[in-house]
Amino acid sequence: MKKPANAHSSKTLPAVRDRVAIAIMAAGKGTRLKSQLPKVLHEVGGKPLLAHVIAAALRVVPAEDIFAIIGHEAERVRSALPGSGINFVLQREQRGTGHALMVARDSLSGYDHVIVLSGDAPQITPQTIARLLNFHLDEQAAMTLLSAEFAQPGGYGRVIRKSPRSPEVKEIVEEKSASPAQRKIKEINAGFYVFAVPQLIANIGKLNTSNPHAEYYLTDMAAVLRKAGERVVAYKAGNSSEVLGANTRGELSLIDHQMRMRKCQQLMADGVMIFYPATCVIDDDVEIAADSVIEPFVQILGKTSIGRGCRVRSYSVIRGSQIGANVLIRNGCILDEACIAPNAVLGPYSHLRPGSDIGEGAHVGNFVETKKIKLGRGSKANHLTYLGDAEIGAGVNIGAGTITCNYDGVNKHATIIEDSAFIGSDSTLVAPVRIGKGAYVGAASCITQDVPEDALAIGRAPQVVKAGWAKEKRALRKTK
Ligand code: UD1
Ligand code: CA
């Protein structure tokens with residue numbers, strides 16, 4: 001056997017002249033999930049199953065050579081996966097994996113080889129796909145299937161080789177049609193294939209539906225091609241967990257767990273400390289720089305990035321946020337599409353909603369909610385506060401219980417607080433309103449008009465003191 005060209009390449013095709021397409025089978029309903037959501041949109045590692053498979057495919061061939069075969073809730077699948085630039089092929093009726101390829105026949109006819117991936121097996125790597133293709137080309141096969149050795153092969157199709165050591169395959173037998181002896185075979189069909197397109201097209205019409213599901217099985221192509229005198233071979237995957245399919249909720253959670261553990265291990269290898277990683281939920285796209293510490297029971301989701309030397313304390317949930325270096329996020333914070341500059345301190349129990357832009361060294365404390373605000377460098381809002389639609393300068397102190405009244409029932413209005421202003425506790429700032437640079441707002445004020453620079457504004461009823469009033473009231477009660 002020739003040495004595979006470029007077998008370890010992850011980004012590009014092996015050095016072949018042949019035109020290679022990738023077809024991703026993703027039309028199935030996913031009956032076993034008992035869900036209204038199409039199977040390939042179920043998420044593992046924080047992304048739909050199909051998104052993982054597309055990402056792997058994109059590292060092997062360009063988007064224009066990738067064809068996702070969709071059918072059940074096709075529009076929903078297509079719109080959930082925008083922007084990749086791949087092609088979609090509609091399999092209106094889902095009559096089996098063989099039928100999925102029949103439907104894609106016209107799209108594939110201009111290619112020499114097609115790599116077929118399962119949209120429900122998200123852990124496949126570009127390296128394995130490239131190795132499978134290399135093996136196929138070296139073997140000059142009409143069909144090459146990826147196999148794996150499973151201790152518990154139940155539910156998978158079994159690979160029947162011509163003889164135990166031969167690369168050549170006689171047939172694939174589905175679990176339901178397998179004999180007791182065949183069920184003992186531990187080598188399973190992983191659901192990934194490479195076909196020589198002319199041989200595939202010339203023979204796919206020979207598939208039939210005489211099986212327990214009355215479907216066209218792509219797996220039957222092994223026997224069909226062999227009977228036509230073509231070469232069918234199997235390539236065994238090095239890492240069998242790569243090929244796990246997500247057919248049930250149990251399998252989804254197993255794959256999700258494996259992905260997240262792998263993510264945590266990768267982050268730790270890169271210098272991030274994660275305590276009790278099994279309790280943390282960290283999505284695939286998250287980036288965390290070295291020397292940051294993630295405490296137990298933390299979720300970091302979506303496209304979040306965290307700089308060096310940060311600490312995220314327990315029970316915080318961070319989604320789609322950018323966090324600079326040396327930020328301390330105390331217990332129980334919720335960050336959603338927020339942007340935090342270096343050295344800021346958040347929490348405990350801060351809720352930063354979309355558009356919160358927290359400046360360098362700023363503090364946001366206990367039970368403070370923010371939305372669409374800019375909080376300047378070194379400014380502090382430490383307790384029991386709502387800040388929405390506000391632009392707050394540097395060195396501002398926002399007292400406990402401050403509320404920006406940003407909504408008049410119809411429209412949202414802005415509050416502007418300039419540098420070094422001081423907002424006394426329990427103030428309500430009725431927007432639109434501006435507090436000038438260095439101004440003071442007395443505690444418990446209701447501010448409805450702009451406050452000029454360096455002024456003091458007090459917007460509360462003057463205090464009334466009635467001497468002896470309480471004593472008299474007590475005396476009155478006694479005489480009754
Ligand atoms: C399939 C294989 C089995 C293999 C296993 C590996 C067949 C008949 N069996 O079984 O040998 O061990 O994968 O995971 O192929 N799909 C379509 N259109 C259809 C039917 C299915 O696009 O009409 C898609 C599904 O969405 C899914 C993929 O094809 O992504 C595989 O189908 P699935 O029903 O999950 O096959 P398995 O029973 O897992
Ligand atoms: Ca499957």
Side-chain angles (χ1 to χ4, degrees), residues 22-33 35 37-42 44 48-54 57 67-74 76-78 88-104 107 116-124 143 145-150 152-160 169 171-178 182-183 185-193 195 204 207-224 234 236-237 240-252 254-255:
I22 291 185
I24 305 175
M25 300 182 293
K29 179 165 182 243
T31 312
R32 289 165 276 182
L33 293 171
S35 174
L37 191 67
K39 179 195 221 172
V40 293
L41 291 188
H42 280 262
V44 290
L49 291 167
L50 183 55
H52 291 277
V53 181
I54 291 174
F67 301 84
I69 301 159
I70 56 175
H72 179 72
E73 295 249 30
R76 200 166 165 192
V77 174
R78 195 197 296 256
F88 289 95
V89 175
L90 187 63
Q91 185 193 10
R92 225 174 282 278
E93 266 184 286
Q94 293 85 55
R95 299 170 65 194
T97 47
H99 182 247
L101 268 280
M102 290 177 188
V103 168
S107 306
V116 180
L117 308 178
S118 283
D120 66 346
Q123 299 196 89
I124 192 72
M143 172 182 184
L145 61 99
L146 185 68
S147 75
E149 200 79 33
F150 278 6
Q152 285 166 332
Y156 287 88
R158 307 298 205 285
V159 178
I160 317 292
V169 171
E171 59 178 335
I172 301 168
V173 191
E174 290 303 298
E175 166 100 2
K176 282 203 175 143
S177 317
Q182 288 170 329
R183 283 188 190 180
I185 295 174
K186 304 252 186 293
E187 186 176 19
I188 61 97
N189 167 39
F192 298 88
Y193 318 85
F195 290 94
I204 198 164
L207 290 179
N208 62 52
T209 56
S210 50
N211 55 56
H213 285 124
E215 287 185 348
Y216 294 102
Y217 286 169
L218 187 58
T219 46
D220 287 345
M221 282 309 292
V224 164
K236 206 183 270 185
S240 57
S241 70
E242 251 186 59
V243 305
L244 281 180
N247 301 297
T248 63
R249 300 272 179 179
E251 285 168 348
L252 272 173
L254 175 70
I255 292 170

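Quick note: residue numbers are just sequence positions, from 1. In each ligand, atom 1 is the first atom listed, and ligand 1 is the first ligand listed. All values reported here derive from a predicted model rather than from experimental measurement.
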Test ring pair (Phe, Tyr, Trp, His ring centres under 6.0 Å) applied to F88 and F67, step by step | CA-CA 5 Å; F88 289 95; F67 301 84; over 10 Å; no
Between CD1 of I54 and CG of L50, what distance do you get to the nearest 0.5 Å?
-> 4.0 Å
Is there a side-chain contact between D220 and I172 (heavy atoms, below 4.5 Å)?
-> no
the protein heavy atom lying closest to atom 18 (N) of ligand 1 turns out to be Q91 OE1, 2.7 Å
Residue Y156 vicinity, atoms of ligand 1 by number, heavy atom under 4.0 Å = 6 (C), 12 (O), 14 (O)
Got the closest protein heavy atom to atom 32 (O) of ligand 1, with its distance?
-> T97 CG2, 3.8 Å
Going from CD1 on I255 to CG on D120, what distance comes out if it is rounded to the nearest 0.5 angstrom?
-> 8.0 Å
Side chain proximity check, F195 to V116, heavy atoms < 4.5 angstrom | yes
Using a 4.5 Å cut-off on heavy atoms from C-beta on, say whether the side chain of L218 contacts that of M25.
-> yes
With a 4.0 Å cut-off on heavy atoms, does G245 reach ligand 1?
-> no
Proximity flag T219 to ligand 1, non-hydrogen atoms under 4.0 Å = yes
Any side-chain heavy atom of L145 within less than 4.5 Å of one from S147?
-> yes
Sidechain N-carboxylate O distance under 4.0 Å for E187, R158 = no
Can you check whether a protein heavy atom sits less than 4.0 angstrom from atom 1 (C) of ligand 1?
-> no
Separation of N189 CG from E175 CD (nearest 0.5 Å) | 12.5 Å
Against heavy atoms of A26, which atoms of ligand 1 measure under 4.0 Å?
-> 22 (O), 26 (O)
Contact check, side chains of E174 and T219, non-hydrogen atoms, under 4.5 Å = yes
Between R32 and ligand 1, which part of the residue brings a heavy atom under 4.0 Å of the ligand: side chain, backbone, both or neither?
-> side chain
Please round to the nearest 0.5 Å and tell me the distance separating atom NE2 of H213 and atom OG of S177.
-> 9.0 Å
Contact region, E174 to ligand 1, non-hydrogen atoms below 4.0 Å, reads side chain
Can you find a non-hydrogen atom of A121 under 4.0 Å from ligand 1?
-> no
For atom 13 (O) of ligand 1, what is the nearest protein heavy atom, given as residue, atom name and distance?
-> G191 CA, 4.4 Å
Atom 12 (O) of ligand 1: the protein heavy-atom neighbour that sits closest, reported with distance to 0.1 Å = N189 O, 2.6 Å
In this structure, atom 30 (O) of ligand 1 is nearest to the protein heavy atom M25 O, 2.9 Å
Which of the atoms of ligand 1 are close to Y217, meaning less than 4.0 Å from one of its heavy atoms?
-> 8 (C)
Under 4.0 Å from a heavy atom of K39: give me the atoms of ligand 1 that qualify, with their elements.
-> 35 (O)
In ligand 1, which numbered atoms sit nearer than 4.0 Å to a non-hydrogen atom of G157?
-> 3 (C), 4 (C), 11 (O), 12 (O)
Under-4.0 Å heavy-atom contact between protein and atom 36 (O) of ligand 1 = no
Would you please determine whether H99 falls within less than 4.0 Å of ligand 1 on a heavy-atom basis?
-> no
Spacing of I70 atom CD1 and R78 atom CZ [to the nearest 0.5 Å] | 4.5 Å
At a 4.0 Å threshold, what atoms of ligand 1 neighbour a non-hydrogen atom of R95?
-> 23 (O)
Heavy-atom distance to atom 19 (C) of ligand 1: which of G96, A100, A246, G28 wins?
-> G96
For atom 22 (O) of ligand 1, what is the nearest protein heavy atom, given as residue, atom name and distance?
-> A27 N, 2.8 Å
Between N247 and ligand 1, which part of the residue brings a heavy atom under 4.0 Å of the ligand: side chain, backbone, both or neither?
-> side chain
Numbered atoms of ligand 1 (with element) below 4.0 Å of A190, judged on heavy atoms = 6 (C), 14 (O)
With a 4.5 Å limit on heavy-atom distance, are the side chains of V159 and V173 in contact?
-> no
Heavy atom of M221 under 4.0 Å from ligand 1?
-> no
Taking the side chain as C-beta and beyond, is there a heavy-atom pair between K236 and E149 under 4.5 Å?
-> yes
Describe, in one word, how the ring planes of H99 and Y216 are oriented to each other, choosing from parallel (under 30°), tilted (30 to 60°) and perpendicular (over 60°).
-> parallel
What angle, to the nearest 10°, do the atoms OD1 (N247) and OD2 (D120) form about the Ca ion (ligand 2)?
-> 80°
Flag side-chain contact, heavy atom, 4.5 Å: M143 against M221 | yes
Metal proximity, S118 vs the Ca ion (ligand 2), N/O/S cut-off 3.0 Å = no
Judging by distance only, is a nitrogen or oxygen of D120 under 3.5 angstrom from one on ligand 1?
-> yes
